[in-house]
There are 2 protein chains.
Amino acid sequence: MLRVTPQRQAILALINRSNVHWDAEELARELVQSGQAVGIATVYRGLSALEGAGLIASVQLGDRKRYERIDKSHHDHLVCTECGSLEEFVQPEIERLQAQVAEEKGFRMLNHQLLLFGICYACDNHDSNQDLDKGKKI
Amino acid sequence: MLRVTPQRQAILALINRSNVHWDAEELARELVQSGQAVGIATVYRGLSALEGAGLIASVQLGDRKRYERIDKSHHDHLVCTECGSLEEFVQPEIERLQAQVAEEKGFRMLNHQLLLFGICYACDNHDSNQDLDKGKKI
DNA sequence: ATGCTAATGATAGTCATTATCACTATCAGT
DNA sequence: ACTGATAGTGATAATGACTATCATTAGCAT
Ligand SMILES: [Mn+2]
Ligand SMILES: [Mn+2]
Ligand SMILES: [Zn+2]
Ligand SMILES: [Zn+2]
């Protein structure tokens, strides 16, 4: 009952061929650029449907949700509060301890979210107060 | 330059005397109940100011921010996606490993957020499909 | 090929939070 | 204690990220 449509194919293709954490608006703009514009409501619905089908992954960052490829192993994120960039990391021991905590509490954990906020290496060593590149893909 | 006002005192007192993760609207309603109504915009600004002053703590849960007392040691949260309840936990080893990851990446971590989503013990063993208690304090 | 119904897209609505702005109150300096 | 600079208040408008509506279109099971 999940239908294959050109719009969803375009959204999925774009996410799969990039290494970006897209939000709905950014993705819609990129689709316009590439000549296959998709209505913004359809982008929201498409992203939600694709995630529900297990074809893409998401990260909730503050008030906005970002989507990325799912064909990499699970990872968590370092979020730079200066430039907004995302860095990825994997720490199996943390994953194991999370499951252990849930277990001990009788809590059936379905997923988790771990965000480390701070200043990335680049920002910490910035030459001057560069303007933030608002158009940068993260 | 952070001024002491009756509104902020009321907000802080309410948070400090309870063990609840308040959002702005809930807190405003409670203040009305207790006969010291505070404008909703002032509640938002007050919560933000108090957090900035290190007097209360916050958790970003999906699209809404919740505030709680800061006079307990740092902890993270188990979030029940069924009933919305929050359970707290501390895992020093996870904390240590987070700092280690940031260190290795040259990332200056300022804070973090770890949420474990799933079904709490009560919901997992519910007798029937009880209606969620929307008014419940969490 | 047909038809049931999910999907689309333009747009209106929702909801949490922030901005505006006229007015008030805190408090540092006298 | 007085006062002035300015932070804070509160009613309300605005914003921004989504979600609902609804007429129309188009997958896809049969
Ligand atoms: Mn990622
Ligand atoms: Mn807590
Ligand atoms: Zn940065
Ligand atoms: Zn529960």
Side-chain angles (χ1 to χ4, degrees), chain A residues 1-14 20-32 34-53 55-56 58-68 79 81 84 113 115 132 134-135 138, chain B residues 1-15 20-53 55-56 58-68 79 84 86 113 115 132 134-135 138:
Chain A
M1 55 209 62
L2 182 72
R3 295 179 178 172
V4 176
T5 67
Q7 290 89 341
R8 287 175 180 181
Q9 286 176 307
I11 293 170
L12 184 57
L14 183 49
V20 173
H21 302 81
W22 298 97
D23 74 16
E25 298 283 353
E26 289 167 353
L27 196 70
R29 275 198 298 277
E30 193 65 32
L31 287 169
V32 169
S34 66
Q36 35 191 350
V38 175
I40 185 63
T42 300
V43 171
Y44 275 106
R45 283 178 302 218
L47 287 170
S48 183
L50 290 169
E51 186 185 18
L55 297 173
I56 56 176
S58 74
V59 218
Q60 177 80 38
L61 279 174
D63 63 340
R64 79 175 54 174
K65 201 167 186 176
R66 291 183 171 280
Y67 295 85
E68 62 177 323
V79 186
T81 52
Q113 171 171 100
L115 298 174
L132 304 182
K134 296 294 183 54
I138 58 177
Chain B
M1 55 209 62
L2 183 71
R3 295 182 177 169
V4 176
T5 67
Q7 292 88 340
R8 290 175 177 179
Q9 287 177 306
I11 293 170
L12 184 56
L14 183 46
I15 292 175
V20 173
H21 302 82
W22 298 97
D23 73 17
E25 298 284 354
E26 289 167 354
L27 195 71
R29 275 198 297 278
E30 193 65 31
L31 286 169
V32 169
Q33 292 296 329
S34 67
Q36 36 192 349
V38 176
I40 185 63
T42 300
V43 171
Y44 275 105
R45 283 178 304 219
L47 287 169
S48 182
L50 291 169
E51 186 186 19
L55 298 173
I56 55 177
S58 74
V59 217
Q60 176 81 37
L61 279 173
D63 62 341
R64 79 175 52 175
K65 200 166 186 176
R66 291 182 171 281
Y67 295 84
E68 62 178 322
V79 186
L86 291 182
Q113 175 162 94
L115 298 174
L132 305 182
K134 297 293 183 51
I138 58 179

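Just so it is clear, the values below take in all heavy atoms, side chains as well, and ignore hydrogens, waters and symmetry mates. All chains are named by letter (A, B, ...) in the order of the sequence lines, taking the proteins before the strands, and each is independently numbered beginning at 1.
The distance between atom CZ of R3(B) and atom P of dG4(D), rounded to the nearest whole Å, is 15 Å. Atom-to-atom, CG of L31(A) to C1' of dG9(C) comes out at 14 Å; the value is rounded to the nearest Å. Atom CG in L2(B) sits roughly 14 Å away from atom C1' in dT6(D) (whole-Å rounding). Counting to the nearest Å, the P atom of dA16(C) and the CD atom of E26(B) are 10 Å from each other. Q9(B) places its CD atom 13 Å from the C1' atom of dG8(D), with the value rounded to the nearest Å. Protein atom CG of L61(A) is 13 Å distant from nucleotide atom P of dA17(D), rounded to whole Å. Whole-Å rounding puts the R8(A) CZ to dA26(D) P distance at 15 Å. In this entry the distance linking CE of M1(A) with C1' of dA6(C) reads 10 Å, nearest Å.
Residue T5(A) places no side-chain N or O under 4.0 Å from the OP1 or OP2 atom of dA7(C). At dA26(D), none of the side-chain N or O atoms of Q7(A) fall inside 4.0 Å of OP1 or OP2 (strictly under the cut-off). Taking 4.0 angstrom as the limit, T42(A) places none of its side-chain polar atoms (N or O) nearer than this to OP1 or OP2 of dA7(C).
Where G46(A) and V4(B) each meet DNA chain C at their nearest nucleotide, the meeting point lying more 5' is that of G46(A).
Between L50(A) atom CG and L55(A) atom CG the span is 5.5 Å, to the nearest 0.5 Å. The distance from atom CD of Q36(A) to atom CD of E30(A), rounded to the nearest 0.5 Å, is 10.0 Å.
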Distances under 3.5 Å between nitrogen or oxygen atoms of protein and nucleotides 18-25 of chain D:
residue	atom	partner	partner atom	Å
dC18(D)	O5'	Y44(A)	OH	3.4

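The pair R66(A)-E26(A) meets the salt-bridge criterion, since a charged nitrogen lies less than 4.0 angstrom from a carboxylate oxygen.
Residue I56(A) comes nearest to L47(A) through the heavy atom pair CD1-O, 3.6 Å, listed as atom of the first residue, atom of the second, then distance. Considering all non-hydrogen atoms of both residues, A24(B) and V43(B) come closest at O-CG1, 3.6 Å.
Taking 4.5 Å as the limit, every side-chain heavy atom of Y67(A) sits out of range of all side-chain heavy atoms of V59(A). For the pair R29(A)/W22(A), no side-chain contact is recorded, criterion being any heavy-atom separation below 4.5 Å from C-beta on.
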